[in-house]
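Computed from a prediction, not measured in an experiment: that's the story for all the values here. The figures that follow rest on heavy atoms only: side chains count, while hydrogens, waters and symmetry mates do not.
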Amino acid sequence: MADAVKAWLPWQDADSFLGGLPAGFDVEYFAGGDRPPSLETVEFYVPSYMGSSALAEIIQDMPALKVVQTQTAGFENFLPFLGEDVTLCNARGVHDASTAELAVALILASYRNLPRAVRDQERGHWPSSYAEMDDSLADRTVLILGYGSIGEALERRLAGFECEVLRVARRAREGVAPITELPSLLPKADVVVLLTPATAETRGLVDEKFLAGMKDGALLVNVARGVVVNTDALLSELTSGRIRAALDVTDPEPLPPGHPLWSAPNVLVNPHRGGASTAFEPRVARLVRAQLERYARGEPLINVVAGPAR
């Protein structure tokens, strides 16, 4: 490219963070707040991770914009503002390790009653005994709904726990059942892990009928998006004690003070921390640098989820 490409990056020392900036870019720091004067000329934009909705809305005011590279796997919040000539790329692969680890942690914390142990520790209480034994992940069946790269990472981490894995995705492929078979698979699962994106098809997917299809005592783990689950339907099941849940995401989100989910029985709530681990930064740095290099050389970008291929 003869002229330098104006890029907005959300790191003050982007050269250091990325391990070197590719040639051909005029980089400006932008992580939200006041709009820099270069708004009219930005061609490549990397929004801040888990920022406000304004970071998505601003793209409709960038006439020169060609590429938006998110730091998240989810990208639905950018779609309403995306121009027809703008390419949207997500961070597929960046959050696989972090999210898969958290899914396993939520399962084990729920099964081994770690929230109860934390409460006992806070009040200095060592119980003489518990009436029931903790659940073990061994010999259980885990259904992964939305089996993609994070699902694959989760299955690798489950391999040592002596459990069976059922894989479900929108379409069938080798070893993965289509979502049309979900009603027959749900009753077999002791744990259901949600990894679906938030789309028109998945919004409210986990409703009364879905939950009724889960076996008694099953654990629902949501590390996808809160809107995939009908909150009222889930609250009804939790209150009855028929199923349990471990939620990294909720609807609404953030979960406001006093919301019934905070005090519902049989639920563990984690404040949307699926990708927030030390594994995140080196992986997102590698992705963004690779995308910048591809764009500078005129090579096809990866992880394109909307807009024209580039």
Side-chain angles (χ1 to χ4, degrees), residues 99 102-116 118-119 130-137 139-147 151 154 163-168 177 179-274:
T99 306
L102 181 63
V104 174
L106 290 173
I107 295 170
L108 294 176
S110 297
Y111 264 17
R112 300 311 300 264
N113 281 305
L114 295 188
R116 179 181 62 190
V118 171
R119 291 191 294 270
Y130 289 115
E132 76 286 349
M133 299 185 73
D134 289 343
D135 288 314
S136 173
L137 185 49
D139 307 322
R140 299 301 179 99
T141 298
V142 179
L143 187 153
I144 302 174
L145 178 56
Y147 190 84
L154 174 56
C163 58
E164 179 184 1
V165 174
L166 302 176
R167 312 165 195 86
V168 180
I179 198 166
T180 52
E181 294 184 16
L182 185 61
S184 64
L185 295 174
L186 272 179
K188 301 177 182 179
D190 299 290
V191 181
V192 177
V193 181
L194 305 177
L195 286 171
T196 59
T199 67
E201 294 174 325
T202 63
R203 183 177 292 270
L205 173 66
V206 181
D207 56 10
E208 294 89 344
K209 183 178 180 181
F210 183 109
L211 295 169
M214 293 173 61
K215 66 164 61 174
D216 290 352
L219 173 66
L220 178 73
V221 179
N222 191 1
V223 285
R225 287 291 186 266
V227 296
V228 174
V229 177
N230 181 306
T231 301
D232 289 339
L234 177 61
L235 278 168
S236 178
E237 292 283 8
L238 293 172
T239 303
S240 75
R242 199 184 69 79
I243 67 169
R244 295 171 283 179
L247 310 173
D248 182 52
V249 289
T250 60
D251 182 27
E253 189 176 304
L255 199 61
H259 191 281
L261 267 178
W262 285 120
S263 56
N266 308 306
V267 64
L268 170 59
V269 177
N270 191 60
H272 202 154
R273 302 286 293 167

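When all heavy atoms of Gly274 and Leu102 are compared, the closest pair comes out as CA-CD2, 3.5 Å. Taking each heavy atom of Leu185 and Ala177 in turn, the nearest pair found is CD1-CB, 3.8 Å. Looking at every heavy atom in both residues, Ala198 comes nearest to Val227 through CB-CG2, 3.9 Å. Across Ser110 and Ala246, no two heavy atoms sit closer than the pair OG-CB, 3.6 Å.
Checking side-chain atoms of Thr196 against main-chain N and O of Gly146 turns up no donor-acceptor pair under 3.5 Å. Judged by distance alone, the side chain of Arg242 and the main-chain N or O of Leu211 form a donor-acceptor pair under 3.5 Å. Although no hydrogens or angles enter the test, the distance criterion places no donor-acceptor pair under 3.5 Å between the side chain of Arg244 and the main chain of Val267. A donor-acceptor contact shorter than 3.5 Å links the side chain of Ser184 to the backbone of Glu181. When atom types are taken as modelled, the side chain of Thr202 and the backbone of Pro197 share a donor-acceptor pair closer than 3.5 angstrom. Looking at Ser240, its side chain does come within 3.5 Å of a backbone N or O of Glu237 through a donor-acceptor pair. For Trp262 (side chain) and Val269 (main-chain N/O), no donor-acceptor pair under 3.5 Å exists by modelled atom type.
Residues Leu182 and Leu143 have side chains in contact (heavy-atom distance under 4.5 Å, counting atoms from C-beta outward). Put simply, the side chain of Thr141 does not reach to within 4.5 Å of the side chain of Val191, judged on heavy atoms. Here the side chains of Leu219 and Tyr111 are in contact, with some heavy-atom distance below 4.5 Å. Between Leu235 and Leu261 the shortest side-chain heavy-atom distance falls below 4.5 Å. Here the side chains of Val223 and Leu106 are in contact, with some heavy-atom distance below 4.5 Å. Leu195 is listed as a side-chain neighbour of Ile144, based on a closest heavy-atom distance under 4.5 Å. Residues Pro252 and His259 have side chains in contact (heavy-atom distance under 4.5 Å, counting atoms from C-beta outward). A 4.5 Å side-chain heavy-atom check between Val221 and Ile107 finds at least one atom pair inside the cut-off.
Between Asp135 and Arg140, at least one side-chain N (NZ, or NE/NH1/NH2) sits under 4.0 Å from a carboxylate O, which counts as a salt bridge.
Rounding to the nearest 0.5 angstrom, the gap separating the CG atom in Leu108 from the CG atom in Asn113 is 12.0 Å. Here CG of Leu220 is found 9.5 Å from CG of Leu145. Values are rounded to the nearest 0.5 Å. Taken from CG in Leu186 to CZ in Phe210, the straight-line distance is 4.5 Å, to the nearest 0.5 Å. Atom OG1 of residue Thr250 and atom CG of residue Leu255 lie 4.5 Å apart, to the nearest 0.5 angstrom. With rounding to the nearest 0.5 Å, the separation of CG in Leu194 from CG in Asp248 is 11.5 Å. Atoms CG and CZ, from Asp134 and Arg116 in turn, are 5.5 Å apart once rounded to the nearest 0.5 Å.
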Passes side chain to side chain contact (heavy atoms under 4.5 Å, CB included), Val104 versus Leu154? Steps please.
CA-CA 7 Å; Val104 174; Leu154 174 56; 3.6 Å; yes
Apply side chain to side chain contact (heavy atoms under 4.5 Å, CB included) to residues Asn270 and Leu247 and explain how you reach the verdict.
CA-CA 6 Å; Asn270 191 60; Leu247 310 173; over 6 Å; no
Please step through side chain to side chain contact (heavy atoms under 4.5 Å, CB included) for the pair Arg225 and His272, ending with a clear verdict.
CA-CA 9 Å; Arg225 287 291 186 266; His272 202 154; 4.0 Å; yes
Please report the C-alpha distance between Asp207 and Asn230 in whole Å, then the side-chain angles of each, then the deciding distance to 0.1 Å, and finally whether the side-chain hydrogen bond (donor to acceptor under 3.5 Å, both in side chains) criterion is met.
CA-CA 5 Å; Asp207 56 10; Asn230 181 306; over 6 Å; no
After noting the C-alpha distance and the side-chain angles of Tyr147 and Val168, does the key distance pass the side chain to side chain contact (heavy atoms under 4.5 Å, CB included) rule?
CA-CA 6 Å; Tyr147 190 84; Val168 180; over 6 Å; no
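Around atom CZ of Arg203, no more than 12 heavy atoms belonging to other residues, nucleotides or ligands sit under 6.0 Å away. Other residues, nucleotides and ligands contribute more than 12 heavy atoms inside 6.0 Å of the NZ atom of Lys215.
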